[in-house]
Amino acid sequence: MKNQLVAKILYEIADLLEIKEVEFKPRAYKRAAMAVEALGDDIEDYAKYKNLDDIPGVGESIAKKIKEIIDTGKCLEHERLKKEIPIDFEALLSVEGLGPKTVKLLYKKLLIRNLSDLEKAASAGKIAELEGFGEKSQQDILDGITLAKSKGERMLLDEATAFADDITGKLKELSHITQIEAVGSLRRMKETVGDIDIIAVTRNAKAVAEAARQLDNVQKVYSAGPTKIMLKLRDGPDVDIRIFGEKSYGAALLYFTGSKQHNISLREIAIRKKWKLNEYGIFSGKKQIAGKSEQEVYRKLGLDYMAPELREDRGEIEAARTGNLPRLVEQDEIKGDLHVHTTASDGVSSLQEMVDAAKQLGYAYIGISDHYGSLAIANSMDSKRLAIQHEAIDKINRQSTGIHIFKGAEVNINKNGTLDIEPEVLKKLDYAIISIHSSFRLSQAEQTKRVIRALNHDKARILGHLSARLLFKREPVELDYEAVFKAAKAGNVALEINSFPNRLDLNDSHAKAAKGHGCSFAIDTDSHNAEHLRLMRFGVGTARRGWIETSSVINTWPLKKVADFLG
DNA sequence: GCCGTTTTCGGCCCGACTGTTTTCAGTCG
């Protein structure tokens, strides 16, 4: 997977060109870099099977450079520029407040090439002496260096959600706020979130701005005007808060939800219609002609409403223009959860607790899928313990409590593609979720063969967390995903979209690719605790980012139909 | 360097905030 490398080099070329004050090209390189970052597909596979210049923002010239990076790991043009301007951009630009222009000026005047040069010059008071700088900007640079060094990682979705809920909750206590919502990548349900964006509607912007500054865990206020506050939380993310009037709320939601590229495309449509689109609305001359709601803005632009999860400039605008948007799966259409652990293996809630929690969510069914097998992972069950569990399940099912319990198990796929379960025990299950829990580092060919072989078992009905990645922790396995999707379709096995925030596996782009093969999906939580059942929203969000429609999600189906599917 | 429901040439998103300034350039999202 060289996507990150390609994106990084393209970004650096953009920065270098910007320093050289080349016009327009920096934007082109940045746009291409962003597109590669958002691609999802492995860029090497993409280069093999498709045309690189099909990627929006990539034309003939950049395609060539991408090819060069894939083949050689670098790009001559990039090397040449670096030699010409020997500056450590990544480090310097990571300092809040420093942009290409300032970096260039500091290099020209003080020969600053890296963070340590910068720190020395600022400490020695050299920067304040430069024209256009002062004591304040010099101190800001020193502060920025400290912050850059301690720069927080991106967060998992549930963590970001918790921060956002906390802040919106506190601000809402102010009576002046009529609406408040977390937007940005969090609202788009991107798998990781960098900072928290919040917009609020109020008639008393000043009071809200003041309240934001006074939040108890603020480490630093970057800037605070009457309608925009940017701050950093202690041991937490950066938070941007913007304040709007009611008649701009929709345009503001749209703008700050992004993605950036989606917005730019919308603005270009507005320009073509001789209008202007900004965060306050669509304007014809000085007159606002839309902006109160997102729906209104899209409608005015001649587009169907696009859910936030779709707004990545991955073809949704064209689909919205031509009435071809997918009918996305909704959270309240989920009728059950088919990947749930209990105290019988490594869960911490009992069978009864899980069933009760599922009932509270209004589910019609739940699939209990404790670990089974010889592998010493996760307190796996043996046949005896499974039999005991089945008795308990039968008993609850007989009580006809309004929810049906399926007898499942999560079964490890052995290295050779066989299943880690005795055939006679497998027969006793309603279904098996088959997943990889070991041998993560096989070659792509071996791993693919392993998974496809495992798909052939009758009781294998769901393929669990396929890539086996753990965000921030473990890379996905090497796999020919297209081949696996084909095999899953042929064997009528559902692909899991695991909702656990550090998994989200399939990820959005794999889900979209699988959809292209006509696969069906199971959005599951992999709960190990009754509380975890609520993580379903993150799986649904990921599915929606993958353009997944309700009809292909087996756990939106009624009991009878899903029972037939599981067999 | 990229792109096209005006265009294969001639455009390229838009506004808030800050510091160091007396009107704005740079940065950020």
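Letters A, B, ... mirror the listed sequences (proteins, then strands); counts begin at 1. All figures in this text were calculated on a predicted structure; none of them were measured in a lab.
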Salt bridge (charged side-chain N to carboxylate O under 4.0 Å, His left out), paired with A:D313, selected from A:R188, A:R31, A:K260: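 Option passing the salt bridge (charged side-chain N to carboxylate O under 4.0 Å, His left out) with A:D313: A:R31.
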Counting only side-chain heavy atoms from C-beta out, which of [options] sits nearest to [X]?
| X | options | answer |
| --- | --- | --- |
| A:R272 | B:dT5, B:dT27, B:dC28 | B:dT5 |
| A:D240 | B:dG29, B:dG1, B:dT6 | B:dG29 |
| A:S137 | B:dC2, B:dG15, B:dG19 | B:dG19 |
| A:K260 | B:dG29, B:dA16, B:dC2 | B:dG29 |
| A:R267 | B:dC14, B:dA16, B:dT27 | B:dC14 |
| A:S223 | B:dT27, B:dT18, B:dC14 | B:dT18 |
| A:M230 | B:dG1, B:dC17, B:dC28 | B:dC28 |
| A:S61 | B:dG19, B:dG15, B:dG1 | B:dG1 |

Could you state the [atom1]-[atom2] distance from [X] to [N], rounded to the nearest angstrom?
| X | N | atom1 | atom2 | value |
| --- | --- | --- | --- | --- |
| A:K228 | B:dC14 | NZ | P | 17 Å |
| A:I264 | B:dG1 | CD1 | P | 19 Å |
| A:W275 | B:dC14 | CH2 | P | 15 Å |
| A:L254 | B:dG29 | CG | P | 19 Å |
| A:D140 | B:dC17 | CG | P | 17 Å |
| A:K104 | B:dA25 | NZ | P | 16 Å |
| A:R31 | B:dG29 | CZ | C1' | 18 Å |
| A:I243 | B:dA16 | CD1 | C1' | 12 Å |

Less than 4.0 angstrom from a charged side-chain N to a carboxylate O is my criterion; do A:E191 and A:R469 meet it?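 Looking at A:E191 and A:R469, the cut-off is met.
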Taking the basic N atoms (NZ, or NE/NH1/NH2) and the acidic carboxylate oxygens, is any pair closer than 4.0 Å for A:E309 and A:K190?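 Here A:E309 does not pair with A:K190 in a salt bridge, since their nearest N and O are not under 4.0 Å apart.
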Which is true for [X] with a 4.0 Å heavy-atom rule: it touches a base, it touches only sugar-phosphate, or it touches nothing?
| X | answer |
| --- | --- |
| A:E131 | nothing |
| A:K25 | base |
| A:L266 | nothing |
| A:E23 | nothing |
| A:K101 | sugar-phosphate |
| A:P26 | nothing |
| A:E318 | nothing |
| A:A224 | sugar-phosphate |

Between [M] and [N] - [atom1] atom distance, rounded Å:
| N | M | atom1 | value |
| --- | --- | --- | --- |
| B:dG11 | B:dT7 | C1' | 9 Å |
| B:dT22 | B:dA16 | P | 23 Å |
| B:dG15 | B:dG10 | P | 27 Å |
| B:dG1 | B:dT5 | P | 23 Å |
| B:dT6 | B:dC12 | P | 16 Å |
| B:dG26 | B:dT21 | C1' | 13 Å |
| B:dC28 | B:dT20 | P | 16 Å |

List the atom of A:I112, the atom of A:A121, and the distance in Å for their closest heavy-atom pair.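 Minimum heavy-atom contact is CD1-CB, 3.7 Å.
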Could you grab the distance from atom CD1 of A:I127 to atom NZ of A:K109, nearest 0.5 Å is fine? 13.5 Å
Ignoring hydrogens and angles, does a donor from either the side chain of A:Y255 or the base of B:dG29 sit under 3.5 Å from an acceptor on the other? yes
Is B:dT8 paired to anything, Watson-Crick or G-U wobble with both distances less than 3.5 Å, and if yes, which nucleotide? none
Start at the 5' end of DNA chain B and walk down; is the nucleotide closest to A:K65 or to A:F24 reached first?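 By nearest-heavy-atom nucleotide position, the 5'-most residue is A:K65.
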Nearest nucleotide by nearest heavy atom, which residue falls closer to the 5' end of DNA chain B, A:V58 or A:D197? A:V58
Mind checking whether A:Y305 and A:Y298 have parallel, tilted or perpendicular rings, split at 30° and 60°?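 A:Y305 vs A:Y298 ring planes: perpendicular.
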For the residue pair A:F256 and A:F244, does the interplanar ring angle fall in the parallel (under 30°), tilted (30 to 60°) or perpendicular (over 60°) class?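 The arrangement is tilted - the two ring planes meet at 30° to 60°.
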Kindly determine whether A:D508 and A:R314 satisfy salt bridge (Lys or Arg N to Asp or Glu O under 4.0 Å), including the steps that lead there. CA-CA 12 Å; A:D508 51 4; A:R314 296 189 208 172; 3.3 Å; yes
Indicate whether OP1 or OP2 belonging to B:dA16 is found under 4.0 Å from a side-chain N or O atom of A:Y280.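 Checking B:dA16 against A:Y280, a side-chain N or O does come within under 4.0 Å of OP1 or OP2.
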